[in-house]
Amino acid sequence: MSEQFDVIVIGAGPAGYVAAIRAAQLGLKTACIDAFTGKDGKQALGGTCLNVGCIPSKALLDSSRQFWNLAHNLPAHGISVKDAKVDMAAFIARKDKIVKQFTGGIGQLFKANKVTPYYGTGKLLKGNQVEITAADGSKQTISATNVVLASGSIPIELPFAKFDGKHIVDNAGALDFTEVPKRLGVIGAGVIGLELGSVWRRMGSEVTIIEALPTFLAATDADVAKIAAKEFAKQGLDIKLDAKLNKAEVKKDGVHLTYTDKAGEQTLVVDKLLVAVGRRAYTKELLAEDTGVKLDERGRIVIDEHNHTGVDGVWAVGDAVRGPMLAHKGSEEGVAVAEWIAGKAGHVNLDTIPFVIYTEPEVAWVGKSEQQLKAEGVPYKTGNFPFAAIGRAVAMNEGVGMVKMLAHAETDRILGVHMVGPGVSELVAECVVAMEFKGSSEDLARIVHAHPTLSEAVHEAALSVDKRAIHKGN
Ligand code: FAD
Ligand code: NAD
């Protein structure tokens with residue numbers, strides 16, 4: 001007899017492990033299966049996010065920012081440091097230590113919440129049985145009333161620039177360079193390209209980013225994207241828009257790229273090439289043929305508005321389903337599914353998911369951009385406020401960027417808030433709360449914000465929607 005659970009979760013990324021913990025908290029007998037192997041050769045829970053995504057990238061972004069600031073920010077404070085050096089082994093080891101701390105932490109949380117972990121590849125069979133294949137090929141089957149599919153995503157590979165793990169790499173490779181590449185090529189000026197491109201630019205690489213679209217950060221509000229583009233260019237990120245890679249050939253002296261832009265065919269030689277052109281849902285070996293679970297045209301697991309697959313007791317969450325590929329989106333789906341399984345009222349509002357790009361300056365937004373509202377014909381009014389007029393930002397020598405707020409022209413309900421500048425990854429949270437509570441710009445305008453803080457930019461942007469900002473002309 002196979003061991004019987006109330007809930008089996010396949011995948012222990014931020015969508016799956018959170019679903020498992022919440023299910024266990026609700027008194028359900030829960031198992032979570034994951035196949036990810038860490039650098040030490042042992043199971044590493046936490047998925048892409050903890051192992052090769054959110055956490056290690058933020059660790060390297062922070063280390064590289066400290067290094068960059070020595071030469072580019074501290075002199076403005078009257079501080080100079082001579083002969084600063086980087087110990088690359090220590091730079092990477094610090095990141096690895098943080099990863100291990102957090103992946104190990106999930107194991108402890110599983111123990112504390114009585115979630116049973118399994119190490120191996122889980123395959124859903126008909127009748128909510130799950131076959132687990134261990135690394136040595138041995139198999140066992142467990143079963144449950146409910147199965148949550150949380151298998152995540154993997155990087156998209158370009159047929160003419162295949163990953164070799166050495167010269168042409170994905171995110172995992174670019175988080176583990178043993179030395180600073182003199183010339184780094186990046187395909188895709190999306191979130192990964194900009195974040196990891198920034199890491200290596202700050203460490204001294206010449207970074208060239210090749211982006212297929214003619215518009216920079218097309219999903220971001222155009223005013224914010226324009227400021228970000230200007231700042232990234234100042235930092236030396238060479239972003240080539242409307243450029244299509246044709247070929248990447250590994251030769252003795254580097255990776256030879258051929259791409260076409262408006263001026264015709266171009267060539268470029270780099271030491272390393274990071275391909276970051278998006279990710280796709282990963283469902284390999286996840287589903288037996290007769291389960292009835294469907295995939296859409298992009299390979300994502302088809303679900304309804306309650307993350308249910310339509311197959312009795314089978315649910316799916318995170319990067320493997322529709323919606324933005326973000327850790328916090330997957331985690332909220334994981335919580336909601338556990339609550340729906342337990343007969344409670346789960347809730348995920350895909351319209352108020354915050355987006356953050358952890359560059360310098362940071363970029364963050366929630367809700368609709370001005371171009372989206374225009375395209376949808378929604379009447380809106382707008383306000384903004386620059387960080388150049390925020391005392392705290394200027395005191396930090398980071399008075400760059402702005403907060404822009406969009407509210408409905410008739411009801412004043414906040415429709416979107418877009419920011420570029422210092423600390424906006426944190427400032428966006430206030431706007432998410434306001435939008436989730438269906439707040440108006442006047443609500444934020446009438447709330448007291450501490451002085452001097454960066455949050456005053458949100459306050460003043462809200463005031464500016466009604467043309468009554470205090471510290472700038474309206
Ligand atoms: P994953 O994290 O991909 O986890 C899925 C897990 O399931 C993996 O461990 C996989 O091994 C396992 N698995 C798959 N199939 C099976 C199977 N059949 N059996 C057993 N196990 C299986 N998002 C943010 O919100 N903020 C950020 O700052 C951020 N930074 C990122 C930086 C990088 C470089 C990358 C690559 C991504 C980043 N993301 C960020 C995106 C974020 O990592 C993903 O949205 C998130 O990890 C998705 O969570 P998930 O649980 O759906 O899938
Ligand atoms: P992305 O979708 O953010 O960007 C990919 C970029 O590559 C796009 O601008 C696209 O136009 C471009 N592109 C596609 N094909 C191309 C080609 N052939 N040549 C040149 N350019 C091409 O994807 P990503 O940066 O790979 O990130 C993957 C996912 O990971 C994203 O969905 C993102 O949500 C998530 N992520 C989030 C964060 C964060 O929240 N801070 C950080 C990293 C990754």
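Keep in mind it's a predicted model, so treat the numbers as computed, not measured. Order of listing sets the numbers, starting from 1, for every ligand and every atom in it.
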*Asks:* For atom 13 (N) of ligand 2, which of L213, D319, V277 has the closest heavy atom?
*Replies:*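 Nearest heavy atom to atom 13 (N) of ligand 2 lies in V277.
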
*Asks:* Considering I132, I10, D34, which one's heavy-atom position lies nearest to atom 6 (C) of ligand 1?
*Replies:*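 Ranked by closest heavy atom to atom 6 (C) of ligand 1, first place is D34.
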
*Asks:* Once you restrict to heavy atoms under 4.0 Å, what part of V52 touches ligand 1? Side chain, backbone, both or neither.
*Replies:*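 Within the 4.0 Å criterion, V52 contacts ligand 1 through backbone atoms alone.
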
*Asks:* Does ligand 2 have any atom that is closer than 4.0 Å to a heavy atom of L245?
*Replies:*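 Outside the 4.0 Å threshold, so no.
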
*Asks:* Using a 4.0 Å heavy-atom cut-off, which part of I210 comes near ligand 2: side chain, backbone, both, or neither?
*Replies:*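 It is the backbone that gets close, since no side chain atom is under 4.0 Å.
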
*Asks:* Regarding atom 14 (C) of ligand 1: of the candidates S151, C54, A35, which has the closest heavy atom?
*Replies:*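 Among S151, C54, A35, the closest heavy atom to atom 14 (C) of ligand 1 comes from S151.
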
*Asks:* Have a look at ligand 2 and work out which part of N171, if any, has a heavy atom under 4.0 Å from it: side chain, backbone, both or neither.
*Replies:*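 Neither; nothing of N171 gets under 4.0 Å from ligand 2.
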
*Asks:* At under 4.0 Å between heavy atoms, is it the side chain or the backbone of E195 that contacts ligand 2, or both, or neither?
*Replies:*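 It is the side chain that touches ligand 2; the backbone stays farther off.
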
*Asks:* Quick one: does ligand 1 sit under 4.0 Å from the side chain of R279, the backbone, both or neither, non-hydrogen atoms only?
*Replies:*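 It is the side chain that gets close, since no backbone atom is under 4.0 Å.
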
*Asks:* For ligand 1, which part of K58 has a heavy atom less than 4.0 Å away: the side chain, the backbone, both, or neither?
*Replies:*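 Side chain only.
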
*Asks:* Heavy-atom distances under 4.0 Å are what count here, so tell me which part of F355 touches ligand 2: side chain, backbone, both or neither.
*Replies:*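 For F355, there is no contact with ligand 2 at all, from either part.
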
*Asks:* Specify side chain, backbone, both or neither for Y17, according to which of its non-hydrogen atoms lie closer than 4.0 Å to ligand 1.
*Replies:*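 The answer is neither; Y17 stays 4.0 Å or more away.
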
*Asks:* May I ask which of T48, V130, T133 has a heavy atom nearer to atom 1 (P) of ligand 1 than the others do?
*Replies:*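 Result: the heavy atom closest to atom 1 (P) of ligand 1 is in T48.
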
*Asks:* Would you call the rings of F232 and F216 parallel, tilted or perpendicular, where under 30° means parallel and over 60° means perpendicular?
*Replies:*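 Ring orientation of F232 relative to F216: perpendicular.
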
*Asks:* Pick from L125, I10, V9: which one makes a side chain to side chain contact (heavy atoms under 4.5 Å, CB included) with V130?
*Replies:*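 With V130 as partner, L125, I10, V9 yield a single side chain to side chain contact (heavy atoms under 4.5 Å, CB included), made by I10.
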
*Asks:* Side chain to side chain contact (heavy atoms under 4.5 Å, CB included), that's the test. Do R322 and I303 meet it? Break it down for me.
*Replies:* CA-CA 8 Å; R322 52 79 192 114; I303 48 165; 3.5 Å; yes

*Asks:* How far is atom 46 (C) of ligand 1 from its nearest protein heavy atom, and which residue and atom is that?
*Replies:*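 Checked against all protein heavy atoms, atom 46 (C) of ligand 1 sits closest to P14 CG, 3.7 Å.
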
*Asks:* At a 4.0 Å threshold, what atoms of ligand 2 neighbour a non-hydrogen atom of R279?
*Replies:*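 Going through ligand 2 atom by atom, the ones under 4.0 Å from R279 are 28 (C), 29 (C), 30 (O).
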
*Asks:* May I ask you to identify, for I187, whether its side chain, its backbone, both or neither come under 4.0 Å of ligand 2 on a heavy-atom basis?
*Replies:*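 Only the side chain of I187 comes within reach of ligand 2.
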
*Asks:* Taking distance alone, with no angle check, do M325 and ligand 2 share an N/O pair under 3.5 Å?
*Replies:*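 Yes, M325 has an N/O under 3.5 Å of an N/O on ligand 2.
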
*Asks:* Is it true that K39 and D176 have a side-chain N and a carboxylate O under 4.0 angstrom from each other?
*Replies:*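 Looking at K39 and D176, the cut-off is met.
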
*Asks:* Can you tell me how the ring of H418 sits relative to the ring of W365, calling it parallel under 30°, perpendicular over 60° and tilted otherwise?
*Replies:*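 The rings of H418 and W365 lie parallel, inter-plane angle below 30°.
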
